[in-house]
Amino acid sequence: MPDALIDAIIIGGGHNGLVCAFYLARAGLKVVVLERRDVVGGAAVTEEFHPGFRNSVAAYTVSLLNPKVIRDMDLARHGLRIVERPLANFLPLDDGNYLKLGAGKTRAEVARFSPRDAERLDAYAAHLDAAADLLRDLVLQTPPNRVQGGWLAALPELIKAGNLGNRVRKLSLSTQRELLDLFTKSAGEYLDGWFDSAPIKAAYGFDSVVGNYASPYSPGSAYVLLHHVFGEVNGKKGAWGHAIGGMGAITQAMAKAAQALGVEIRTGCAVDEVLMEKGRATGVVTAKGERLAARVVVSNLNPRLLYTRLVDPAALPDDFLRRMRAWRCGSGTFRMNVALSELPDFSCLPGREMAEHHGSGIVIAPSLQYMERAYHDARSLGWSREPIVEMLIPSTLDPTLAPAGQHVASLFCQHVAPELPDGSSWDAHRDTVADLMIATVDRHAPNFKRSVLGRQIMTPLDLERTFGLVGGDIFHGALGLDQLFAARPMLGHADYRGPVAGLYTCGAGTHPGGGVTGAPGHNAAREVLRDFARRAR
Ligand SMILES: Cc1cc2nc3c(=O)[nH]c(=O)nc-3n(C[C@H](O)[C@H](O)[C@H](O)COP(=O)(O)OP(=O)(O)OC[C@H]3O[C@@H](n4cnc5c(N)ncnc54)[C@H](O)[C@@H]3O)c2cc1C
């Protein structure tokens, strides 16, 4: 390793960059985080988007954040408080009916549509949870990696693979079958195998299209469903909650934890290039032309962004570069934040006074077939004629976000095409599609449109411009079997090390993937520290 005053430069101050910085600094390294935007947090930030109204502008709900990361960084001491929703989900349906999901409620609610489905809920939850437990065990592990060299190099990886095989072997045959289904099938096929009625399949199937530009009947979408249930809120498995102050409260707490250990964070500081000497990363050049040397460089960026824009292509093996250029990125996500003069008054459950359904994840997508149509529309037209909208109104749980008596809502909408099929720019269609999203909510809550005081719109292009999310991909790369675990970001580089010595990746494009988890940052730090320890020996 070269001599340098800085031990590690982290490119990008997203939550994973901050987590990685924290662990490196805790081990005694001198760490500098360079963030392009004026605020750290990446896609997990709270901003004022309309005078007096603040919201989590991109990521909007918390569950996957790893409990060990929360504990190690002592995020509560740095101001983080996470609260549960009063009701998990509320689905207004087309026939004036609705479905509510929440502790102590789901069974009776589902029985209104299908007594048989209600009977099956516990078994479904138990099977899914057993599969999610395996994921929970794996999130903080470095996947077994395909390594070059002889048996000595391969041995630790073989042991890792053996341990994993052993863990899976100990699962019951029924859980192994469930895992096979969840890793290979579509969410639609999986759910059709459990339930008969459309609303409960829609409620569970929604998770399979979140950030996943696919039909719920696309093979592999069952895994995306599973990916959304391995989290917890305050110890309650699978629950989703709200960080008081918005998602920015998480990353501000992380920044404080890192700074308390001496991490230097520079905002408004984009990195243009990774410096290299004799095939090794030795520092970076910023957009302002400053050259900073470091013993190692860690990237929090989408790996495609890192390797196709910041690294000299001549330093990369041909096969690696070809595959990175083809790294599948692009969520079908369109994100809006709206300032509201009053709460939505749903036709199926009237009332503008705050009720439990206002504090839930409100999903407008009554069936898996509706979601499938949304995907096919987006493929051929650029956006769905009837889009899938999840609306959260966090001000019902958190009065710090809006003036008294008024509200903010997050609209998380799918499906739109990451790139429009007719080649036109999203700049030309931003308002048309935003109007469509508002009208979609208005169809179920007819006071909604007139209650909108201000709106912030983020097309896939805006997500890319603002946050560096290539193709608006909320996960830094699709969560397909070909891009998961030992193949994230590529077979042979699942250990957070790339082909360039001294250059590591710590973002959502590495295992275990997207979401506000902190896990990639945690795991990457461990690998960087292993290399520092090896060098010191
Ligand atoms: C619209 C949307 C909704 C989402 N909803 C949820 C949700 O509700 N819950 C959930 O758990 N997850 C959600 N996600 C996913 C989650 O937010 C991301 O997967 C996660 O934030 C990725 O974290 P990261 O730290 O790896 O990367 P990022 O958050 O993407 O951070 C990368 C950082 O690098 C910076 N950067 C980029 N280029 C450069 C450069 N050249 N130089 C310096 N800095 C640079 C960026 O500005 C950014 O700050 C959502 C994401 C989006 C976009």
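Both backbone and side-chain heavy atoms feed into the values below; hydrogens, waters and symmetry mates do not. Given the structure is predicted, the values throughout are model-derived calculations rather than measurements. Indexing begins at 1, ligand by ligand and atom by atom, following the structure's order.
Ranking protein heavy atoms by distance to atom 41 (N) of ligand 1, first place goes to Val271 O, 2.9 Å. Annotation: atom 31 (O) of ligand 1 to nearest protein heavy atom, Gly14 CA, 3.3 Å. Closest protein heavy atom to atom 36 (N) of ligand 1: Leu301 CD1, 3.8 Å. In this structure, atom 29 (O) of ligand 1 lies nearest to the protein heavy atom Ala43 N, 2.9 Å. The single protein non-hydrogen atom nearest to atom 34 (O) of ligand 1 is Gly12 CA, 3.4 Å, given as residue, atom name and distance. At the top of the distance list for atom 7 (C) of ligand 1, counting protein heavy atoms only, stands Thr61 O, 3.4 Å. For atom 44 (N) of ligand 1, the closest heavy atom belonging to the protein is Arg36 N, 3.2 Å. Given atom 28 (P) of ligand 1, the protein heavy atom at minimum distance is His476 NE2, 3.7 Å.
In this structure, a donor-acceptor pair under 3.5 Å is absent between the side chains of Thr432 and Asp435. Judged purely by distance below 3.5 Å, without hydrogens or angles, the side chains of Glu527 and Thr142 pair a donor atom with an acceptor atom. Residues Arg85 and Thr396 bring no donor and acceptor atom of their side chains to less than 3.5 Å of each other. If you check the side chains of His357 and Lys100, you find no donor sitting under 3.5 Å from an acceptor. For the residue pair His493/Asn145, the side-chain donor-acceptor check at 3.5 Å is not satisfied.
Across Thr510, Leu305, Asn16, Leu64, heavy-atom proximity to atom 26 (O) of ligand 1 is greatest for Asn16. With Met336, Glu35, His228 as candidates, the residue nearest to atom 49 (O) of ligand 1 on a non-hydrogen basis is Glu35.
The shortest N or O to N or O distance between Val516 and ligand 1 is under 3.5 Å. At a 3.5 angstrom cut-off on N or O pairs, Ile11 does not count as close to ligand 1. No N or O atom of Trp240 sits closer than 3.5 Å to an N or O atom of ligand 1. On a distance-only criterion, Tyr60 and ligand 1 share at least one N/O pair closer than 3.5 Å. Remark: ligand 1 and Ile474 share an N or O pair separated by less than 3.5 Å (distance only, no angle test). Checked against a 3.5 angstrom limit, the closest N/O atoms of Gly507 and ligand 1 fall outside it.
Listed by number with element, the atoms of ligand 1 under 4.0 Å from a non-hydrogen atom of Ala270 are 42 (N), 43 (C). Heavy-atom proximity to Leu469, at under 4.0 Å, picks out these atoms of ligand 1: 30 (O), 53 (C). Per-residue contacts place Leu34 under 4.0 angstrom from the following atoms of ligand 1 (heavy atoms of the residue considered): 43 (C), 44 (N). Each of the atoms 22 (C), 26 (O) of ligand 1 lies under 4.0 Å from some heavy atom of Ala508. Below 4.0 Å from some heavy atom of Gly514 lie the following atoms of ligand 1, by number and element: 19 (O).
Test Ile265, Asn300, Ile9 against Leu34 for side-chain contact (heavy atoms from CB on, under 4.5 Å) and you get one pass: Ile9.
Electrostatic pairing of Arg71 and Asp74 does not count as a salt bridge here, judged by no charged N lying under 4.0 Å from a carboxylate O. Ionic pairing of Arg280 and Glu277 is not present here: no N-O contact between side-chain nitrogen and carboxylate oxygen is shorter than 4.0 angstrom. The pair Arg335-Asp462 does not meet the salt-bridge criterion, since no charged nitrogen lies less than 4.0 angstrom from a carboxylate oxygen. One finds no salt bridge joining Asp272 and Arg309 here, because no Lys/Arg side-chain nitrogen approaches an Asp/Glu carboxylate oxygen to under 4.0 Å.
With hydrogens and angles ignored, the 3.5 Å screen pairs no side-chain donor or acceptor of Gln483 with any backbone N or O of Pro489. Using modelled atom types, one side-chain atom of Arg36 and one backbone atom of Thr466 make a donor-acceptor pair closer than 3.5 Å.
The proximity of Arg335 to ligand 1, defined as any non-hydrogen pair under 4.0 Å, is limited to the side chain. Using a 4.0 Å cut-off between heavy atoms, Met458 makes no contact with ligand 1 at all. Only the side chain of Phe412 comes within 4.0 Å of ligand 1, judged by heavy-atom distances.
You'll find the ring centres of Phe320 and Tyr307 inside the 6.0 Å limit. Two rings, from Tyr504 and Tyr496, have their centers 6.0 Å or more apart.
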